There are 2 protein chains.
Amino acid sequence: MQKEDCLLDRCFLCKHSLPAWKSLIELKKTTFSFKKGKKIFQEGEPVKGIFFIYEGSVKVTMNWGEQKELILRFAKAGDVLGHRGFGGDPFYPISATALEDCKVCFIDNSFLEASLIANPALSNQLMQVFAQELQKAEKRMRDLVHMEVKGRIVLALFEIIDAFGTDENGYISLQISRQDIASYAGTTYETVFKFFTELTGKGILSTSGKSIKINDPKALQSFIKY
Amino acid sequence: MQKEDCLLDRCFLCKHSLPAWKSLIELKKTTFSFKKGKKIFQEGEPVKGIFFIYEGSVKVTMNWGEQKELILRFAKAGDVLGHRGFGGDPFYPISATALEDCKVCFIDNSFLEASLIANPALSNQLMQVFAQELQKAEKRMRDLVHMEVKGRIVLALFEIIDAFGTDENGYISLQISRQDIASYAGTTYETVFKFFTELTGKGILSTSGKSIKINDPKALQSFIKY
DNA sequence: CGATAGCTTGATACAGATCAAGCAGTGTGG
DNA sequence: CCACACTGCTTGATCTGTATCAAGCTATCG
């Protein structure tokens with residue numbers, strides 16, 4: 001975790017602030033680097049401010065008991081992190097872990113609050129973020145409850161591709177473990193594994209190490225049943 | 001659905017607006033009554049504005065296929081409704097149905113947006129609402145995924161009491177069907193039914209028609225396992 | 001008084017979690 | 001350089017919670 005410079009145009013806060021504020025923001029914000037696997041913040045920690053991802057990807061998780069976790073969402077460059085610290089309770093209800101080496105910039109709570117009051121456009125922009133995430137969260141809630149496991153795993157794959165895209169050979173740009181896919185789909189490692197073997201056997205999916213490639217999206221779709 | 005007067009102090013919008021705006025709001029807003037069981041708005045309908053519940057209780061639901069639904073949350077007097085219409089897509093992703101006779105007041109989108117720009121305090125207040133709901137939604141998501149059915153039903157009961165309270169005899173103030181409890185807990189009618197028979201047999205719960213009373217909250221708690 | 005719909009309850013089926021065993025691959029010490 | 005743990009991957013076998021189905025029961029209405 002070390003300080004670095006942060007580019008203005010990749011930072012949510014700067015992008016949606018008045019030009020006059022930008023130099024002030026630049027003074028106030030701190031940029032950190034996190035190695036893959038490191039925790040950016042953790043469930044139960046006091047909320048000190050808000051993060052904006054400048055580079056890399058992150059998983060946002062919530063724990064159940066000691067060993068089980070649910071991945072709530074994936075976040076990537078340009079996304080906001082830690083804004084759940086808002087409403088009420090000043091402790092993070094969630095954890096954020098780097099999935100790749102990351103650079104994030106951090107803004108202190110008091111400065112953020114001042115910015116929000118001074119800058120209604122920023123405030124509205126952040127509200128949009130909340131609104132969209134709320135919609136996504138509720139849709140996902142329904143999916144997790146009513147869909148069967150295979151459909152949930154397929155959805156997980158589609159959403160990961162949606163967020164991170166694929167490389168020139170069609171492989172998902174993010175190296176993601178089966179355990180993480182399971183945690184996102186709300187199932188176990190073994191179930192994901194068996195389903196993947198089924199899919200690769202049918203030629204719908206290809207894997208090479210931790211890289212995953214979807215060959216036949218239509219066939220995948222068919223596992224989503226209403 | 002008929003127009004009526006709306007008391008200022010029960011309306012979120014008025015409560016968080018500058019005094020100067022209140023008379024204007026009074027002109028702009030429209031109050032409607034909905035009979036028990038009536039839909040206030042429905043999944044897929046275009047979003048025209050935002051609602052504030054002034055009286056009565058409401059369930060917010062999302063459908064899965066034709067017959068299955070998930071109750072996302074319960075809302076009561078003082079709560080905001082239909083604000084999910086914000087981010088992006090101008091169609092409701094959810095439905096809202098009156099659980100009791102209701103009075104709600106409605107504010108047009110364009111006026112709301114103007115208010116938000118003109119009144120940063122209101123904007124921040126609404127953001128708080130979003131932040132809190134997002135937190136709740138994500139916690140619930142984890143619970144629905146990792147808890148077993150009995151625990152989820154217990155949680156449903158506690159949350160209903162939390163929202164609506166109990167009457168002088170200890171019965172839950174809201175008359176709620178077993179089907180709705182099932183839809184909230186993400187399970188089936190029969191499962192709720194069997195669990196209730198078990199609970200009443202042990203004296204933990206009492207029912208009389210659609211009224212429900214919890215006799216032994218501690219014993220109920222014990223069904224929530226980590 | 002028969003029919004129809006909702007309530008209650010037992011029987012069955014099945015998805016998917018859990019468990020456990022086999023099988024690499026990797027590291028460590030003799 | 002080879003044996004021996006050790007950890008992570010792969011896979012089959014079992015077990016359990018819960019949905020689904022179906023049948024009996026009760027109440028309501030024409």
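Reminder, nothing fancy here: chain letters follow the sequence lines and each chain counts from 1. All values reported here derive from a predicted model rather than from experimental measurement. In what follows, every heavy atom counts, from backbone to side chain, and hydrogens, waters and symmetry copies are set aside.
- Annotation: cation-pi pair R140(A)/Y184(A) present, NZ/CZ under 6.0 Å from the ring centroid and within 45° of its normal.
- For K76(A), the side-chain hydrogen bond (donor to acceptor under 3.5 Å, both in side chains) criterion is met by no residue, not counting sequence neighbours.
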Let's go through S211(A) and S208(A) carefully: what are the C-alpha distance in whole Å and the side-chain angles of both, what is the deciding distance for side chain to side chain donor-acceptor pair (under 3.5 Å) to 0.1 Å, and is it a yes or a no?
CA-CA 5 Å; S211(A) 298; S208(A) 116; 4.8 Å; no
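- Taking CD1 of I204(A) as the reference point, atom CG of D216(A) lies at 6.0 Å (rounded to 0.5 Å).
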Start with the C-alpha distance between I212(A) and I160(A), add both sets of side-chain angles, then the distance that settles side-chain contact (heavy atoms from CB on, under 4.5 Å), and finish with yes or no.
CA-CA 11 Å; I212(A) 300 164; I160(A) 291 166; over 6 Å; no
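- The distance between atom CD of Q179(A) and atom P of dA17(C), rounded to the nearest whole Å, is 12 Å.
- Near DNA chain D, meaning a heavy atom under 4.0 Å from it, residues 213-226 of chain A has no residue at all.
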At under 4.0 Å between heavy atoms, which parts of nucleotides 8-21 of chain D does protein reach? Answer with one letter per nucleotide, 5' to 3': B base, S sugar-phosphate only, - none.
--BBBB----SSBB
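- Just one of Q135(B), M141(B), K136(B), R142(B) meets the side-chain contact (heavy atoms from CB on, under 4.5 Å) condition when paired with K139(B); it is R142(B).
- Ion pairing between K36(B) and D101(B) fails under the 4.0 Å rule for side-chain N and carboxylate O.
- Listed for the E43(B) side chain is a donor-acceptor partner under 3.5 Å among the backbone atoms of N63(B).
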